[in-house]
Amino acid sequence: MRIGKVVGNVWATRKDEKLNGQKFLVIKLFLDKENYQEGLFVASDNAGAGIGDTVLVTNGSAARASVENTQIPVDSTIVGIVDSFEVEDE
Amino acid sequence: MRIGKVVGNVWATRKDEKLNGQKFLVIKLFLDKENYQEGLFVASDNAGAGIGDTVLVTNGSAARASVENTQIPVDSTIVGIVDSFEVEDE
Amino acid sequence: MRIGKVVGNVWATRKDEKLNGQKFLVIKLFLDKENYQEGLFVASDNAGAGIGDTVLVTNGSAARASVENTQIPVDSTIVGIVDSFEVEDE
Amino acid sequence: MRIGKVVGNVWATRKDEKLNGQKFLVIKLFLDKENYQEGLFVASDNAGAGIGDTVLVTNGSAARASVENTQIPVDSTIVGIVDSFEVEDE
Amino acid sequence: MRIGKVVGNVWATRKDEKLNGQKFLVIKLFLDKENYQEGLFVASDNAGAGIGDTVLVTNGSAARASVENTQIPVDSTIVGIVDSFEVEDE
């Protein structure tokens, strides 16, 4: 899994109808506690997330395990709202 | 999922016949709202996309979930036409 | 698989309930014997790992094979505590 | 999928016998119309490709969908010979 | 698949017992004929490989297809010993 920040929304009226009912959020992934990795990622939301939340994101076929329907064509799902995380210095 | 822009077509007469009937489009992925990630990606189209469209792309085994036939050997599918997306500044 | 170091914890009270009972740890991956790859990764723990341990991490659908329940939406699992590893010079 | 160029052969006499009968080719992936991405990739061939051909490559579990036997341990398969592809300037 | 060089061993006494009987080797992947990609990768061995061997490595769910038991949580398997490989100049 990766830790990310929800930074936006994405709207798509015309889409694969198997995606109806999914909420999609734009995510940036943390590279370390201070910086984000380059790239915009889109995840379906299975944890009630909103903009500004720090979230736990699962990718690949696990994303479909979260939405509990392997017919839904998502490859990334928010599976938790992160209360806090710590990284030891070395 | 990733947000991309459809930038071209690809033609392949000689191919795995399980791909017959699929339309393939060349995609660049957004790194942020202004810039593209390096690399050309090819996705099958399940949303009626055309050149210049901003699209939502799903990758991996989810791509086959979208085309609703797990025998079709695609690893990337356009699942939506993006009307708009927003990214909060930080 | 990748070799990583456990560098932290992550807490998420609100989450996909299928993740209940999983322990999540923050991992950095080794680039070589001295340096870490950029990026924070989160893995479920199936080997009794703790902070400071060098661990073997499996990713993708194999992560669910380790937790022995393909309904659990994890994409990365710690499958072993590394006693030591060697890399030949070239 | 990715667009690549077949740049070589690889010979492996001693191998997982489930790979017998597969032809393996070395591929470089296009970064844009002029340049290749770093890295050598090996794909099984399901399109009758040869050195110098521009090809369409599918990766991940889709590679096994192409060879129509999910027991064959390939993670990348050439699924088409690319006649031509175009990329719009922006 | 990727072409790599076996550069070391990894020992893990405490591990997911489904990994018992697997031999794990540390691999560096070739970027081109002369240079390695950054990063240490660990693969299970299904080809009788040893240190110094050039090997063909399959990743993802194909790794479990090679070990013929989808319950074994490996995401990378050595599927062949490479006798030689050639890369055309361009």
Side-chain angles (χ1 to χ4, degrees), chain C residues 1-6 22-23 25 27-39 41 43-50 52-90, chain E residues 4-31 33-45 49-55 57-78:
Chain C
M1 283 70 63
R2 296 295 302 269
I3 302 172
K5 174 87 87 177
V6 181
Q22 298 293 319
K23 182 174 73 170
L25 294 168
I27 309 282
K28 285 190 181 177
L29 300 176
F30 284 99
L31 206 51
D32 54 43
K33 289 214 71 154
E34 311 286 321
N35 299 292
Y36 295 117
Q37 179 177 324
E38 281 197 308
F41 299 87
S44 58
D45 177 31
N46 198 19
D53 281 342
T54 299
V55 292
L56 191 64
V57 180
T58 201
N59 293 307
S61 54
R64 304 207 301 286
S66 180
V67 297
E68 291 179 31
N69 181 338
T70 58
Q71 310 306 310
I72 297 177
V74 294
D75 62 6
S76 184
T77 298
I78 297 170
V79 292
I81 312 292
V82 172
D83 303 316
S84 66
F85 67 101
E86 60 174 30
V87 178
E88 302 278 310
D89 290 329
E90 300 219 31
Chain E
K5 175 87 87 176
V6 180
V7 295
N9 291 293
V10 53
W11 291 272
T13 310
R14 193 146 49 105
K15 57 178 180 290
D16 182 337
E17 60 182 19
K18 295 185 291 299
L19 294 175
N20 290 342
Q22 298 293 318
K23 182 174 75 171
F24 292 104
L25 293 168
V26 183
I27 309 282
K28 285 190 181 176
L29 300 176
F30 283 99
L31 206 51
K33 290 216 69 153
E34 311 287 320
N35 299 291
Y36 296 116
Q37 179 177 325
E38 281 196 309
L40 297 175
F41 300 87
V42 176
S44 59
D45 177 32
I51 289 181
D53 282 342
T54 298
V55 292
V57 180
T58 201
N59 292 305
S61 55
R64 304 207 300 288
S66 180
V67 298
E68 291 178 31
N69 181 338
T70 59
Q71 310 306 310
I72 297 177
V74 294
D75 63 5
S76 184
T77 297
I78 297 170

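In what follows, every chain begins at residue 1, and chains take the letters A, B, ... in the order their sequences are listed. From a predicted model like this one, the values you see are computed outputs, not experimental measurements.
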- Query: Do C:Glu88 and E:Ile51 come within less than 4.5 Å of each other through their side chains, counting heavy atoms only?
  - Reply: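 In contact.
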- Relative to chain E, which segment of C:Leu56 carries a heavy atom at a distance below 4.5 Å: side chain, backbone, both, or neither?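 The answer is the side chain of C:Leu56.
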- Message: Is C:Gln37 close to chain E through its backbone or its side chain, or both, or neither, when contacts mean heavy atoms under 4.5 Å?
- Response: neither
Rounded distance (nearest 0.5 Å) linking atom [atom1] of [X] with atom [atom2] of [Y]:
X: E:Leu40; Y: C:Asp32; atom1: CG; atom2: CG; value: 6.5 Å
X: E:Leu19; Y: C:Thr58; atom1: CG; atom2: OG1; value: 7.5 Å
X: E:Phe41; Y: C:Met1; atom1: CZ; atom2: CE; value: 12.0 Å

- Item | Passing option when C:Glu86 is tested against E:Val10, E:Val26, E:Asn9 for side chain to side chain contact (heavy atoms under 4.5 Å, CB included) |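 Only one option passes, and that is E:Asn9.
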- Message: I'd like to check the salt bridge (Lys or Arg N to Asp or Glu O under 4.0 Å) partners of E:Asp53; sequence neighbours left out, ordered by chain and number.
- Response: none
- Where does E:Val74 contact chain C at under 4.5 Å (heavy atoms): side chain, backbone, both or neither?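 For E:Val74, backbone and side chain are both near chain C.
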- Item | Pairs of heavy atoms under 4.5 Å with chain C: top-ranked of E:Glu38, E:Lys18, E:Gln71, E:Glu17 |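 Counting heavy-atom pairs under 4.5 Å, the top option is E:Lys18.
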- Is a donor on one side and an acceptor on the other found under 3.5 Å between the side chain of C:Asp83 and the backbone of E:Thr13? yes
- Message: Just to verify, what does E:Phe30 make a ring pair (Phe, Tyr, Trp, His ring centres under 6.0 Å) with, not counting sequence neighbours?
- Response: E:Tyr36, E:Phe85
- Mind jotting down which residue pairs meet the salt bridge (charged side-chain N to carboxylate O under 4.0 Å, His left out) criterion with at least one end in residues 70-81 of chain C? Sequence neighbours excluded, please.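 Salt bridge (charged side-chain N to carboxylate O under 4.0 Å, His left out) check on residues 70-81 of chain C returns no pairs.
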- Query: Going by residue number, which parts of residues 59-68 of chain C are within reach of chain E, meaning a heavy-atom gap below 4.5 Å?
  - Reply: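 Residues of residues 59-68 of chain C touching chain E at under 4.5 Å: C:Asn59, C:Ser61, C:Ala62, C:Ala65, C:Ser66, C:Glu68.
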